[in-house]
Amino acid sequence: MAEVEARWAAKWADAGLHEADPEPGRPKFFGTYPYSYMNAFAHVGHAYTMSRVDFRARYERLHGKNALFPMGFHVTGTPIVAAAHRVAKEDPVQLRILRESGIPEEELGKFADPHHWIAYFPDKWREDITRFGMMIDWRRSFITTDKNPYYDRFIKWQFLRLKEKGYVRKGRHPVIWDPVQKAVIGDHDRAEGEGVAPQEGVLLKFPIEGRKGHHLIAATLRPETVFGQTNLWVDPSVDYVELAMEVKSPEGDTKKEHWIASRECAEKLRLQDLGVKTEVQSVSGKDLVGLVVTAPGAERKIPVLPASFMKTDKWTGIVTSVPSDAPLDFVALQDLKKDPAPLVACGADPALLETVAPIEIIDTEELGTLPAKAVVEKLKIQSQKDDERLKQATEEVYQAAFYKGRMLPHCGPVAGRPVSEAKEAVKEWLLAQGSAHLMWEPESLVVSRHGHQAVVKVVSDQWFLAYGDKEWKATTHEAFDRMEILPEVARKQFHIVVDWLRDWACTREAGLGTRLPWDEDWLIESLSDSTVYMAYYTVSHHLERLKPPADDLSPEFWDHIMLGKGDAEAVATKAVPVDEVKRMRAEFDYWYPLDFRNSGKDLLQNHLTFAVFNHCALFPEEKWMQGIAVNGWVTVDGEKMSKSKGNFITLRDAMERFGVSETRFAVASAGEGLDDANFEIDVAKSATRRLVSWLDNMMATWDRVAKAEDGEERGADRWFASVLNRTLQEVDGHMSRAEYRTALKVAYHDLGRDWSWYLKRTGDDPLPSLARQHVSAQTRLLAVFVPHLAEEVWHHIDGTGSVLDAGFPAADPTRIDPAAERQETYFEGVLDDIRNILKIIGKEPTKVYLYTAPEWKRRADGAIAAALEALPPGERVNPGTIIKALVSDPELKAHTKDVPKHVNLALKQGAGFLNQHRRVAGVDETAALKESQDFLTREFNAEVAVFSADDPDKVDPAGRAQGAVPGRPAVYVE
RNA sequence: GCAGGGAUAGCCAAGCUGGCCAACGGCGCGGGACUUAAGAUCCUGUCCUGAAGAGGUUCGGGGGUUCGAAUCCCUCUCCCUGCACCA
């Protein structure tokens with residue numbers, strides 16, 4: 001088989017079979033796979049997803065379309081650069097990853113250079129994918145970033161135009177930041193805290209009594225609880241700092257203030273651009289204890305008390321205390337009241353404590369109005385050091401308060417409102433008063449690969465794609481409504497994503513990429529430079545051929561190619577003359593819009609949605625994307641693929657181990673729809689003998705029937721003709737809905753089984769014309785899945801052209817014959833009955849007698865069925881009425897005695913009766929069985945006699961014939 | 001928590017516009033044929049009972065609608081995925 005595959009792969013390459021050029025007037029199909037990131041080899045997951053496009057492209061081509069499937073390679077972003085950097089530093093983990101993917105030891109060093117990655121992996125991908133038989137037009141391939149000046153110009157054009165339309169905007173944006181390296185820490189650069197995002201807290205300012213303009217600051221995640229503040233906590237053993245600030249007021253002007261917070265906090269305030277001017281002095285925590293401050297929101301005087309539970313590197317190092325709703329505050333306060341020594345040690349008056357007590361602010365229903373107290377008592381928390389249980393308690397209080405709680409009447413502007421609303425409202429209210437600011441902190445600990453604890457920096461000149469824009473969203477919704485989405489359930493998901501998508505930070509400081517045309521300090525981020533590049537495929541091969549200076553590709557050039565704006569003459573250059581400009585414009589216009597894009601479901605909420613947004617923004621409606629298909633992850637034998645489990649299979653491994661066609665077969669069988677697909681090793685392994693025997697059988701069958709003439713048509717022939725033609729219709733439907741696994745099941749497994757049954761039924765004597773149709777049709781169906789083998793068979797039976805251009809096997813609807821199929825189903829039912837009897841009596845038969853039902857029962861059943869069908873819904877049959885009607889039928893007069901019994905038997909089956917009656921409609925049971933007598937004799941190795949119960953000469957040693965009913969002949973074996 | 005999707009026989013997995021469903025198909029397992037043998041292949045069986053084609057109990061738990069429910073409704077339990085600035 002490997003020989004067949006290699007031979008055809010070479011021939012296809014020579015003939016340029018997979019290259020597609022515009023053919024005006026011929027319908028086209030343009031399908032794409034989102035180019036993969038080039039930091040590793042292709043694995044079976046990639047193979048699964050790209051095979052969806054390959055199958056579809058082949059299917060469309062069989063249907064006569066001019067099908068284009070191009071593929072590029074993505075290198076934008078930081079991972080390659082970061083990985084190369086790690087190689088340079090001889091990071092053992094990184095080196096092991098490369099070694100394990102099969103890179104020879106002596107070449108490892110080359111990977112210290114990012115450029116080696118972007119040269120090496122695209123080559124390997126192309127090799128693997130070509131061998132895998134993907135129908136790709138490689139002339140159009142390219143890589144991203146400024147390493148490809150043409151693509152670079154294209155992306156610049158895209159961003160320039162997006163900006164003009166107001167879709168690229170500048171704004172502030174929090175990022176996870178390494179304060180020592182002074183760099184953003186992406187997920188892949190983290191030693192700890194993968195997936196952790198910045199979290200917004202509300203920074204509260206507490207004016208110190210008697211010191212105008214001086215504030216202690218504390219942060220809270222629950223601004224709605226400000227009404228319950230009773231005190232502040234500071235750590236007496238810590239040195240805080242006093243900062244001179246220039247703070248933005250809500251009105252927009254700046255105000256000079258002094259803030260006191262932890263030393264670590266000061267750095268964060270700087271990074272977050274909150275207005276730090278200078279550090280005035282260091283302030284001992286001890287000196288802060290005993291001060292009186294005004295609690296913002298509550299506008300109440302509260303004391304500053306000592307505690308030791310807070311960490312100076314979290315938020316401000318000062319904590320506002322709400323003992324009613326914060327278990328930790330409650331416990332700390334309890335402890336301090338029990339033993340005021342720490343307070344006294346700071347020289348403060350223990351009398352301060354007298355006025356401090358929890359204040360009810362929220363009715364949580366299940367936990368009452370003092371939820372912290374309730375939970376602390378419930379969990380029996382004794383100490384403020386009991387971290388584990390305090391965390392649990394806090395979580396429990398929050399759940400109860402946020403989702404079920406209501407603010408009590410004295411809570412100012414939010415009195416009576418649900419906590420879930422109050423939270424946001426209080427935040428806005430405090431901000432508007434100027435008594436609060438926003439501050440960010442990582443949700444949980446993040447440590448960079450350099451070993452530094454991350455903080456949050458607010459980038460102030462960050463560029464965004466305005467996916468939050470209402471009108472843009474509306475247009476995008478419209479596009480999704482019109483698109484073909486497979487599977488259909490994904491459409492709802494897309495609409496949801498469009499709704500919740502916010503502005504997207506689209507620029508980065510580091511990595512590879514295209515520079516923002518108007519602000520060259522910034523690089524366009526990888527999910528943003530890949531949204532409309534499918535359009536670039538339509539001309540990339542021309543640019544590679546002409547090799548113009550990159551400057552020829554002005555924004556106006558792209559306007560003309562992509563949008564048809566302006567004159568070809570105006571954008572033509574020496575290297576790109578007018579006729580070439582026209583050619584490219586025409587080619588874009590021919591292939592666009594994109595008909596189909598297939599990706600894994602992980603890209604649903606970012607890349608795929610972005611792509612539709614951007615198409616809507618840049619292109620006129622008729623060039624919007626037409627179709628998207630989404631597929632699930634790939635598991636191997638039901639387990640998630642992972643290097644550590646040792647079940648990670650690259651595409652080249654798979655082809656090496658199982659073979660090309662086998663891999664394609666297993667990948668097609670792996671799954672469909674949004675559920676995870678399962679690549680089964682056994683399926684891949686056993687595919688060899690399956691496919692070899694398929695190939696041999698097709699060839700042999702063809703040779704046998706190629707020139708033979710048809711004899712008389714038999715029931716089995718009509719049956720198989722019907723099944724075959726119905727199958728062709730079904731497969732067409734499944735393919736069009738991207739149900740490739742089902743398509744393969746029906747086209748290969750089911751049809752193959754039916755064909756075997758047909759051969760068996762006819763004693764290996766198929767009708768030659770039908771056999772020819774079968775071989776020809778199944779070969780063309782399988783050209784989608786195992787093209788090399790199908791090509792081999794096709795060449796054998798036809799010899800001209802590729803199977804890809806042989807046309808999708810059309811069903812002949814006139815050959816679909818439900819009666820013939822009913823007859824076969826009937827016959828199989830009889831077979832089952834006989835087998836069942838033999839199984840129960842447990843002996844080998846020597847003679848089998850079959851008696852079909854007498855005519856009068858058939859007539860009676862017709863009347864019963866009619867009566868049942870005429871029955872108004874909800875009413876029960878009255879057997880008496882039917883019996884009366886039947887006995888008055890002159891045709892049934894002779895059987896008056898047997899009618900009641902028959903009717904009762906029939907009605908006892910309930911709904912089953914009607915089904916069975918319909919199943920044998922139009923079947924001549926006696927003829928059907930007689931025709932199959934030879935078959936039955938072979939099958940049971942016994943003499944088989946068929947009689948009608950009406951036959952006066954029947955042989956009926958056991959008197960069974962009377963038991964025959966229509967559809968269920970009586971059986972007697974001896 | 002929010003959003004979306006699930007729960008089917010030993011496992012995987014169809015069905016889910018209500019009746020043709022004891023429930024497609026695959027794997028696994030039993031029996032048989034072939035073979036010196038193993039493997040492969042083919043046939044056959046695989047919820048329980050049954051010496052005549054039958055009956056009984058099943059499609060996460062509970063309740064309901066209906067002549068009839070794996071399929072519709074309610075409810076409970078459990079599971080998966082996403083909640084982003086990362087390719």
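Within every chain, numbering begins at 1; the chains are lettered A, B, ... in the order of the sequence lines, protein sequences first and strands thereafter. These figures come from a predicted structure and were not determined experimentally. Hydrogens, waters and symmetry mates play no part in the numbers below; they use all other heavy atoms, side chains included.
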- Query: Between the side-chain atoms of A/Asn836 and the base atoms of B/G53, is any donor-acceptor pair under 3.5 Å?
  - Reply: no
Watson-Crick or G-U wobble partner of [N], both distances under 3.5 Å:
N     : answer
B/C42 : B/G32
B/U58 : none
B/A14 : none
B/C83 : B/G1

Whole-Å [atom1] distance, [N] and [M]:
N     : M     : atom1 : value
B/A7  : B/A14 : C1'   : 15 Å
B/C59 : B/C11 : C1'   : 16 Å
B/G61 : B/C2  : P     : 26 Å
B/C48 : B/U66 : P     : 35 Å
B/G18 : B/G68 : C1'   : 8 Å

Out of [options], which has the shortest distance to the side chain of [X]?
X        : options             : answer
A/Lys839 : B/G25, B/C83, B/U46 : B/U46
A/Arg741 : B/A52, B/U46, B/A14 : B/A14
A/Ile837 : B/A52, B/C27, B/U44 : B/A52
A/Lys745 : B/G82, B/C24, B/A87 : B/C24
A/Asn678 : B/G25, B/G53, B/C12 : B/C12
A/Ser526 : B/G4, B/U46, B/A87  : B/A87

- Message: Below 30° counts as parallel, above 60° as perpendicular, anything between as tilted: where do the rings of A/His495 and A/Phe480 land?
- Response: perpendicular
